[in-house]
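Accompanying notes for the structure given below.
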2 protein chains.
Amino acid sequence: MATLLYTILTRMAGGAIEVMGHVLPTAFGLLGEATLSERSSRSEVVYRLLRQAILEQALKPGTKLSEDTIADHFKVSRTSVRGALVRLNAEGIVDLRANKGACVAEPTLEEARDIFSLRRMLEAEVIRRLVADLGTTGFKRLEQHVREEQAALSDHGPLSIRLAGEFHILLAELTGSQALTRFVREVVSRCSLILARFARLHSPECAVDEHIQIIRALRSKDIAAAEKIMLEHLDAVELRAELNPDKAEPDISEILKRYAGES
Amino acid sequence: MATLLYTILTRMAGGAIEVMGHVLPTAFGLLGEATLSERSSRSEVVYRLLRQAILEQALKPGTKLSEDTIADHFKVSRTSVRGALVRLNAEGIVDLRANKGACVAEPTLEEARDIFSLRRMLEAEVIRRLVADLGTTGFKRLEQHVREEQAALSDHGPLSIRLAGEFHILLAELTGSQALTRFVREVVSRCSLILARFARLHSPECAVDEHIQIIRALRSKDIAAAEKIMLEHLDAVELRAELNPDKAEPDISEILKRYAGES
DNA sequence: GCGCCATCAATTGCATACGATAGTCGGATA
DNA sequence: TATCCGACTATCGTATGCAATTGATGGCGC
């Protein structure tokens, strides 16, 4: 497991890494002046890289995140790594068990449905607000994003997975509500974990088409229609996750609970 | 300023039990996940104490949170304090500016309205879910909580402020949705900050009465009525905050922006 | 052969130390 | 006298070292 983590981190540090439009330096560059002048603390950089690795499903749910391993590969001290892990834990995408280390969170089926339910509510609100007052610059940004998604289709990999999620975050940002954006960002992150854990495969093509439909619905200024499209899209995403109890990988603790008489 | 922080922290540690050679407050209530585990790392303890101090409005928005000062008073190292501050920052109740230290977040008027808007949406959902399936044990817990609120009325202080907020968190918990609880917890926390910053005075009596009405509405199983009561309650809370731009304390940077031609 | 207990290695939690950064105060100069 | 500049101090960001806890391995008794 540690070997896998090692491999992934090495690969991530291998080339230039782009996060939210900003290019992050590689692991070797982390110690350079460029990073510090960009006002990115080491802790911040580690946070972003780990988050990216998790959201791109390079680090899968359950993967152990050893402080030493991460620190070694990013050429920073464990202190910086710990800071990043605490933040990720606060966002719910990393589990932090006392004295036993951190690992990528493993949402249960129950949590998965819970998250999707909340996500529908939040994003329906996003749509309602955007129909009310999304300007031309907003549409331009959305279309630009979709173009990026399409360009990433050939990639069939991490990039398109991330962009699919970031489309929804961008929608939330365009409402101008920081709090709403924050919550949407969190449910989208969790959904990435859920998909990584339960979904058979990621099919970005559908998502991009559906995103285009959402933009079109927003243009039409028809709240009901737009909301409907968004909810259908989210249903489609959830369907891809195959959240059927019988099909899904069983959660051991849930099963043993029954045998332990904990009801 | 440091003296004030010192005084507050000392007072908080006053009526407390001692654990691990360090002071813990007696009643955590819903603050943090205290009930889940007996494990109390130093960082965890600092986190809970600071959070409590902020939510009880002992530490007011804008108060500088010097790492050294906090570390000295809780008899821990700055490392533990930093961990706590990072968590609080992730929850949005502490601002963390690079190389300039932490301070209690100061929500702007705009953010305040934003938060209240989102809070209405989230808590309306809570009510809808509770009307659907709130059992007798749930009602018992709610009534018990209201009794505590009433008992704390004479206090006229921090306790009643905290309990008023925790009533809403308890409602969210009773839905059984972890994610919903998490978000409600966050908006309620932010609202405490908002009230601390803008409200003239806290009047717990009204709140308790309104909480009783909410419970009654839940009993009636009338979704529309229950939702209406809740929204009215939140309106009342917001009204108490007096979020009128003209009355509110001006935000200096906002004002200076205009004069600096940043428009 | 099987299960229990002690010792050990690995990893985390915490504290301290050091270098870096931002704000402050005093002096020099126009 | 007012302004600007430089040193200083306080505080933060990071690294490193040590203590504490956990999980594992081997030995012992049954």
Side-chain angles (χ1 to χ4, degrees), chain A residues 1-6 9 25 27-50 62-90 94-104, chain B residues 1-6 9 19-24 37-50 62-90 94-104 253:
Chain A
M1 191 67 88
T3 311
L4 175 63
L5 176 59
Y6 195 99
L9 295 185
F28 288 138
L30 293 188
L31 296 173
E33 311 305 310
T35 303
L36 296 179
S37 64
E38 293 272 340
R39 291 287 176 95
S40 294
S41 67
R42 285 162 159 73
S43 185
E44 174 85 15
V45 173
V46 174
Y47 162 78
R48 285 197 216 149
L49 288 175
L50 284 180
T63 305
K64 178 90 192 299
L65 299 173
S66 157
E67 295 181 0
D68 272 326
T69 307
I70 297 169
D72 286 349
H73 286 271
F74 287 144
K75 303 282 195 295
V76 298
S77 73
R78 278 179 40 219
T79 307
S80 308
V81 175
R82 284 182 68 80
L85 290 177
V86 169
R87 277 182 70 179
L88 292 168
N89 176 61
V94 157
D95 273 354
L96 215 53
R97 293 153 308 175
N99 290 313
K100 294 202 300 179
C103 63
V104 181
Chain B
M1 191 67 88
T3 312
L4 175 63
L5 177 58
Y6 195 99
L9 296 184
V19 172
M20 293 167 60
H22 303 281
V23 283
L24 282 177
S37 57
E38 290 290 328
R39 113 181 198 285
S40 295
S41 68
R42 283 163 158 74
S43 183
E44 176 84 13
V45 173
V46 174
Y47 163 77
R48 286 196 214 138
L49 288 174
L50 285 180
T63 304
K64 180 89 191 303
L65 299 173
S66 157
E67 295 181 1
D68 273 326
T69 309
I70 297 169
D72 287 348
H73 287 273
F74 287 136
K75 303 282 196 300
V76 298
S77 73
R78 278 177 46 224
T79 307
S80 309
V81 176
R82 282 182 68 79
L85 290 177
V86 168
R87 278 182 70 180
L88 292 168
N89 176 60
V94 157
D95 273 353
L96 215 53
R97 293 153 309 174
N99 288 314
K100 295 202 296 179
C103 64
V104 180
S253 72

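Residue numbering restarts at 1 for every chain, and letters A, B, ... go by the order of the sequence lines.
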Integer-rounded Å distance: [N] [atom2] and [X] [atom1]:
{"X": "A:Arg97", "N": "D:dT21", "atom1": "CZ", "atom2": "P", "answer": "18 Å"}
{"X": "A:Asn89", "N": "C:dG13", "atom1": "CG", "atom2": "P", "answer": "11 Å"}
{"X": "A:Asn99", "N": "D:dC18", "atom1": "CG", "atom2": "P", "answer": "20 Å"}
{"X": "B:Lys64", "N": "D:dA10", "atom1": "NZ", "atom2": "P", "answer": "13 Å"}
{"X": "A:Phe74", "N": "D:dA15", "atom1": "CZ", "atom2": "P", "answer": "13 Å"}
{"X": "B:Ile70", "N": "D:dT11", "atom1": "CD1", "atom2": "P", "answer": "12 Å"}
{"X": "A:Tyr47", "N": "D:dT14", "atom1": "OH", "atom2": "C1'", "answer": "20 Å"}
{"X": "A:Asp68", "N": "C:dA9", "atom1": "CG", "atom2": "P", "answer": "17 Å"}

Might you point out which heavy atoms bring [X] and [Y] nearest each other, and give the distance in Å?
{"X": "A:Leu85", "Y": "A:Ala102", "answer": "CD1-CB, 4.0 Å"}
{"X": "B:Arg97", "Y": "B:Cys103", "answer": "NH2-SG, 3.7 Å"}
{"X": "B:Asp68", "Y": "B:Arg78", "answer": "OD1-CD, 3.0 Å"}
{"X": "A:Val86", "Y": "B:Gly83", "answer": "CG1-O, 4.0 Å"}
{"X": "A:Ala84", "Y": "A:Val46", "answer": "CB-CG1, 3.7 Å"}
{"X": "B:Val94", "Y": "B:Asn89", "answer": "O-OD1, 2.9 Å"}

Measuring from the side chain of [X] (C-beta onward, heavy atoms only), which nucleotide among [options] has the closest atom?
{"X": "B:Arg78", "options": "C:dC14, D:dA15, C:dA17", "answer": "C:dA17"}
{"X": "A:Arg42", "options": "C:dT11, D:dT14, C:dG13", "answer": "D:dT14"}
{"X": "A:Arg82", "options": "C:dG13, D:dT14, D:dG13", "answer": "C:dG13"}

Sugar-phosphate only, base, or nothing, as touched by B:Ser80 at under 4.0 Å among non-hydrogen atoms: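 Result for B:Ser80 = sugar-phosphate.
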
Rounded distance [0.5 Å steps], NZ in A:Lys64 versus CD1 in A:Ile70: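 Going from NZ on A:Lys64 over to CD1 on A:Ile70, the span is 9.5 Å.
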
Each nucleotide N or O in nucleotides 5-9 of chain D that has a protein N or O under 3.5 Å away: list the pair and distance.
none

Distance below 4.0 Å between B:Thr79 side-chain N/O and C:dC14 OP1 or OP2: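 So the side chain of B:Thr79 is outside the cut-off, no N or O lying under 4.0 Å from OP1 or OP2 of C:dC14.
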
Phosphate OP1/OP2 of D:dG23: any A:Lys100 side-chain N/O under 4.0 Å: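 For D:dG23, OP1 or OP2 has a side-chain N or O of A:Lys100 closer than 4.0 Å.
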
